[in-house]
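Have a look at the structure below, then the notes.
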There are 2 protein chains.
Amino acid sequence: MVDEMSPVPFYVQLADALAKQIESGKLKPRQPLPSESTLQQEYGVARGTVRAAVRLLRERGLVVTFTGRGTFVAER
Amino acid sequence: MVDEMSPVPFYVQLADALAKQIESGKLKPRQPLPSESTLQQEYGVARGTVRAAVRLLRERGLVVTFTGRGTFVAER
DNA sequence: GCGGATTTGTACGTATGTATG
DNA sequence: GCATACATACGTACAAATCCG
């Protein structure tokens with residue numbers, strides 16, 4: 001989940017956790033991330049928080065998002 | 001439709017309205033509820049709102065849903 | 001069996017309101 | 001005031017299952 005005690009915002013914590021999985025190869029290029037609702041449950045946060053995290057990953061170029069399909073690990 | 005002025009969320013209002021029809025016998029066991037698109041139009045809400053209402057009814061055990069067929073009043 | 005229409009399932013985009021620190 | 005976080009509610013798009021001519 002997420003560290004309530006940390007000063008780091010939830011959405012940044014979540015983005016970092018996902019980035020780590022991508023960089024470690026746990027999530028490979030072209031693979032879909034878990035859906036927003038799945039991440040919501042897994043990390044115990046609201047959808048808006050999940051969306052903020054994914055937005056960060058998009059801005060870092062780590063993922064690409066397609067409406068109605070999902071968010072995928074970017075190809076490098 | 002739905003009461004815009006009420007503090008009660010639309011999807012809860014809609015779930016309550018449908019629950020009332022079930023409990024009053026207006027909708028009988030094994031009978032299908034109106035489709036999501038019908039409820040959408042009848043109550044003037046978005047599909048996501050209809051689905052949230054039906055989800056509540058499912059959680060209460062009042063209805064059962066089958067993909068591609070519809071949602072039916074539970075037998076009791 | 002096929003193709004189109006219907007219905008539910010999933011997923012994202014966006015906006016607004018409330019609450020908290 | 002501002003950022004964070006959650007909940008509600010609108011919309012669009014596409015997939016999956018079913019139904020029917």
Side-chain angles (χ1 to χ4, degrees), chain A residues 1-19 21-22 27-75, chain B residues 1-19 21-22 27-75:
Chain A
M1 314 312 167
V2 139
D3 182 3
E4 311 264 356
M5 291 303 100
S6 168
V8 180
F10 291 171
Y11 74 96
V12 176
Q13 289 186 46
L14 178 49
D16 287 346
L18 292 171
Q21 292 186 31
I22 291 171
L27 283 169
K28 296 177 182 52
R30 307 184 68 104
Q31 272 194 344
L33 264 63
S35 75
E36 291 181 352
S37 76
T38 300
L39 292 174
Q40 212 179 126
Q41 291 167 27
E42 281 182 357
Y43 289 86
V45 295
R47 189 185 168 206
T49 304
V50 172
R51 288 181 60 72
V54 173
R55 180 173 48 73
L56 281 188
L57 297 177
R58 257 198 312 274
E59 286 167 2
R60 294 183 201 162
L62 289 178
V63 302
V64 287
T65 297
F66 303 97
T67 301
R69 294 208 285 129
T71 296
F72 301 81
V73 179
E75 318 198 43
Chain B
M1 320 306 175
V2 139
D3 182 1
E4 311 263 357
M5 290 304 101
S6 168
V8 179
F10 291 172
Y11 74 95
V12 177
Q13 289 185 46
L14 178 47
D16 287 346
L18 292 170
Q21 292 186 31
I22 292 171
L27 283 169
K28 297 178 181 51
R30 309 183 67 104
Q31 273 196 343
L33 264 64
S35 75
E36 290 179 356
S37 79
T38 300
L39 291 172
Q40 213 179 128
Q41 291 167 28
E42 282 182 356
Y43 288 86
V45 296
R47 190 186 163 206
T49 304
V50 172
R51 288 183 58 75
V54 173
R55 181 173 47 71
L56 279 189
L57 297 177
R58 258 198 311 274
E59 287 167 2
R60 294 184 200 163
L62 290 178
V63 301
V64 289
T65 298
F66 305 96
T67 301
R69 294 210 283 133
T71 295
F72 302 81
V73 179
E75 318 200 45

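Every chain is numbered from 1, with letters handed out A, B, ... down the list of sequences.
Annotation: side chain of A/Leu39 is in contact with side chain of A/Leu18 (closest heavy-atom distance under 4.5 Å). Looking at A/Leu33 and A/Leu57, their side chains come closer than 4.5 Å, going by heavy atoms from C-beta outward. Between B/Leu56 and B/Val12 there is a side-chain heavy-atom pair separated by less than 4.5 Å.
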Contact letters for nucleotides 10-21 of chain D, in which S counts primed atoms plus P, OP1 and OP2 and B counts the base, heavy atoms under 4.0 Å: BS-B---BSS--
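Expressed to the nearest 0.5 Å, how far OG1 of A/Thr71 lies from CD of A/Glu36 amounts to 6.5 Å. The CZ atom of A/Arg58 sits 7.0 Å away from the CZ atom of A/Arg51 when rounded to the nearest 0.5 Å. Atom OG in A/Ser37 sits 9.5 Å away from atom CD in A/Glu42 (nearest 0.5 Å).
Scanning all heavy atoms of the two residues, the minimum distance from B/Ala74 to B/Pro29 falls at O-CB, 3.6 Å.
Each end of the helix from C/dC2-D/dG21 to C/dG21-D/dC2 yields a helix axis from five base pairs, and these two axes differ in direction by 0° (to the nearest 10 degrees).
Here B/Tyr11 does not reach the OP1 or OP2 of D/dA9: none of its side-chain N or O atoms lies under 4.0 Å away.
Considering only residues two or more places apart in sequence or on other chains, A/Thr49 meets the side chain to side chain donor-acceptor pair (under 3.5 Å) condition with none of them.
Screening residues 27-59 of chain B for ring pair (Phe, Tyr, Trp, His ring centres under 6.0 Å) gives no qualifying pairs among residues at least two apart or on separate chains. For residues 46-68 of chain B, the ring pair (Phe, Tyr, Trp, His ring centres under 6.0 Å) pairs, not counting sequence neighbours, are B/Phe66-B/Phe72.
If you walk DNA chain C from 5' to 3' and mark each nucleotide with an atom closer than 4.0 Å to a heavy atom of chain B, the marks span C/dT7 to C/dT10.
Between A/Arg51 atom CZ and D/dT4 atom P the separation is 16 Å, expressed in whole Å.
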